[in-house]
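Note sheet for the following structure.
Throughout, a chain's letter reflects where its sequence line sits, starting with A, and its residues are numbered from 1.
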2 protein chains.
Amino acid sequence: MESVSDMRERGETGHEQAGTTAGTAPAAGAAAKHAGGRRPGETRTREAILGAARVCFAERGFDGTSLRRIAETAGVDQALVHHFYGTKESLFLQALELPGRIQEAITAAARGERAGVGERMVRAHLSVWDDVSSRPALMTMVRSAAIHRAAAARLRETATGVLARALGGVITGEDAMLRTSMVATQLVGLAMMRYVAVLEPLSSADTDTVVRYYGRALQAVVDD
Amino acid sequence: MESVSDMRERGETGHEQAGTTAGTAPAAGAAAKHAGGRRPGETRTREAILGAARVCFAERGFDGTSLRRIAETAGVDQALVHHFYGTKESLFLQALELPGRIQEAITAAARGERAGVGERMVRAHLSVWDDVSSRPALMTMVRSAAIHRAAAARLRETATGVLARALGGVITGEDAMLRTSMVATQLVGLAMMRYVAVLEPLSSADTDTVVRYYGRALQAVVDD
DNA sequence: CAGTGAGTTCATCACGTGATGAGTTTTCGG
DNA sequence: CCGAAAACTCATCACGTGATGAACTCACTG
């Protein structure tokens, strides 16, 4: 139903262990289905779990996501999640980590003439959200910020940290900090309605149109 | 910890009904603790439960709120929640119902000259959110919209319904609908950051200042 | 004053949750 | 080539959840 949910649609019904009377080792007839123990070759399970966690948390939020679901999405046993990440909370915190390129994009957009900064910021914001690799982490943050304390804290840090630094020289005059936080507010609102709540016609509007109108709104707070 | 949580801090350990040794009733020695059965006098339990539900959902969201917690907040048995409202989901839907005065406030603000409509809308929005009687319902909607489908749907309806109707004659020209949805976006963003994520200095800024700057941003989308 | 129905509590169920520990197989440093 | 550490599975636990049904008491109609 959703968009980012590809990862989970693997058939792989259930670990058909086919116990078959075994001796000590699984002398089962069929393909040697590794029962327990380490897998041969290189391992990329840790990242797989984190990726699955990002996807799941992005879709359903913290409370709505069970460790079993994450494990299933990653194709591993649930205990492995604990093995690598300890508690659900600490896994969540790591899933919340934002890719560095988001900061770069925003920072780059803030540079240059003040005149077009509103439009440039909106464009940068949309480009990051439209990128499937950075979306789950952003989605997780915004979706959970409404409920989860740590996620809200992250959102605040990102807003005041990244944005304040980027717009430091751009927004000047009275109440500069307040106006900076309002820019963050507008961007979060945009993400919330366009990507999370899926409000039409905003969700389907093409990038350029959104940039034109919403950029104007940001510019109104930046200027003075 | 939070602000709206007054309702729950009642000591009222146990419903000491003080039945005074009654005749037919359990002639137990101690204070006649109303075990089961209807309470004498008028009953306002139904509304108490709904109010408690609004407060709890507003604080913790749908998943984070248990029926037991709601029942405890309302000071009643958990089974009563089911008795009156059926499932948790249906109780949630009723808790989502917005007071009519919100629509009125927004609609009233949209009337009048186009010039100051941005500021008037922001002021109306803030006044509704700062009113403790309407806050839990709004909080519930915004907090849960990130996760819960029905809440998101409500948010969309409210945005396109109330706002589109109110701003129908005000926003004209190209992409009127899109720009209307952007006004909604800005207002939701404001609520999200000022009241939910509690971003400073936005959260502590006084109403007039917020109205001045943010009103300008709304106006930028309204005009043309 | 009988009796139906609504308000209220208690005890309980089946289930999904996060977490843990024991046991198995591989990798890898010495 | 040995042994410790890492990767991995399985079985289980204790717990909180939403939901249900039986029992009891009051209000209200006739």
Side-chain angles (χ1 to χ4, degrees), chain A residues 12 14-19 22-28 32-50 53 56-57 60-72 74-93, chain B residues 14-28 32-50 52-53 56-57 60-72 74-93:
Chain A
E12 190 174 350
H15 328 79
E16 331 203 339
Q17 203 54 27
T24 24
K33 295 260 303 184
H34 250 288
R38 182 171 187 159
R39 295 298 146 77
E42 60 178 17
T43 167
R44 210 174 300 279
T45 309
R46 195 184 175 101
E47 304 95 83
I49 293 177
L50 187 57
C56 292
F57 284 139
R60 316 271 209 136
F62 183 81
D63 289 325
T65 301
S66 69
L67 291 184
R68 290 168 218 275
R69 187 185 185 83
I70 292 176
E72 189 190 357
V76 302
D77 190 277
Q78 186 219 151
L80 265 189
V81 180
H82 282 107
H83 176 61
F84 283 119
Y85 293 96
T87 74
K88 182 185 185 185
E89 180 79 19
S90 91
L91 170 60
F92 181 69
L93 291 182
Chain B
H15 331 78
E16 332 203 340
Q17 202 56 26
T20 57
T21 67
T24 32
K33 296 253 307 182
H34 242 290
R38 182 172 188 158
R39 294 298 145 78
E42 60 178 17
T43 167
R44 208 173 302 278
T45 309
R46 195 185 175 101
E47 304 96 83
I49 293 177
L50 186 57
C56 291
F57 284 138
R60 317 272 211 137
F62 183 81
D63 289 325
T65 301
S66 68
L67 292 185
R68 290 168 218 275
R69 187 185 185 84
I70 292 175
E72 189 190 357
V76 302
D77 189 276
Q78 187 218 149
L80 265 187
V81 181
H82 281 108
H83 177 60
F84 283 120
Y85 293 96
T87 74
K88 183 186 184 184
E89 181 77 19
S90 90
L91 170 59
F92 181 69
L93 291 182

One pair to check against side chain to side chain contact (heavy atoms under 4.5 Å, CB included): B:Tyr85 and B:Leu50. What are the steps and the verdict?
CA-CA 9 Å; B:Tyr85 293 96; B:Leu50 186 57; 3.4 Å; yes

In this structure, CG of A:Leu91 is separated from CD1 of A:Ile49 (nearest 0.5 Å) by 8.0 Å

Can you find a donor-acceptor N/O pair under 3.5 angstrom joining the side chain of B:Arg46 to the base of C:dG7?
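Per atom types, no contact qualifies.
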
Record whether the side chain of A:Arg68 comes under 3.5 Å of the base of C:dG18 through a donor-acceptor pair of N or O atoms.
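A donor-acceptor contact between them is present.
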
Check this one for me: any side-chain N or O of A:Thr43 less than 4.0 Å away from OP1 or OP2 of D:dA6?
no

Spacing between [X] atom [atom1] and [N] atom [atom2], to the nearest angstrom:
X	N	atom1	atom2	value
A:His83	D:dA5	NE2	P	13 Å
A:His82	C:dT17	NE2	P	12 Å
A:Leu80	D:dT9	CG	P	5 Å
B:Asp77	C:dT12	CG	C1'	13 Å
B:Glu89	D:dT17	CD	C1'	15 Å
B:Gln78	C:dC13	CD	C1'	12 Å
A:Lys88	C:dG16	NZ	C1'	11 Å
B:Phe62	D:dT17	CZ	P	13 Å

Could you check whether B:Leu67 gets within reach of a base, just the sugar-phosphate, or nothing at all, counting any heavy atom under 4.0 Å?
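The residue B:Leu67 makes sugar-phosphate contact but no base contact.
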
Which of D:dG21, C:dT8, D:dC8 is nearest the side chain of B:Thr45? It is C:dT8

Of the candidate nucleotides D:dC8, C:dG18, C:dT8, which contains the atom at the shortest distance from the side chain of A:Phe84?
D:dC8

Compare all side-chain heavy atoms of A:Ile70 with those of A:Phe57 and state whether any distance is below 4.5 angstrom.
yes

Pick one: which of A:His83, A:His82, A:Gln78 meets side-chain contact (heavy atoms from CB on, under 4.5 Å) with A:Leu80?
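The option that passes is A:His83.
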
Backbone N/O of B:Phe62 and side chain of B:Lys88: donor-acceptor pair under 3.5 Å:
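Checking the backbone N and O of B:Phe62 against the side chain of B:Lys88, a donor-acceptor pair under 3.5 Å is found.
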
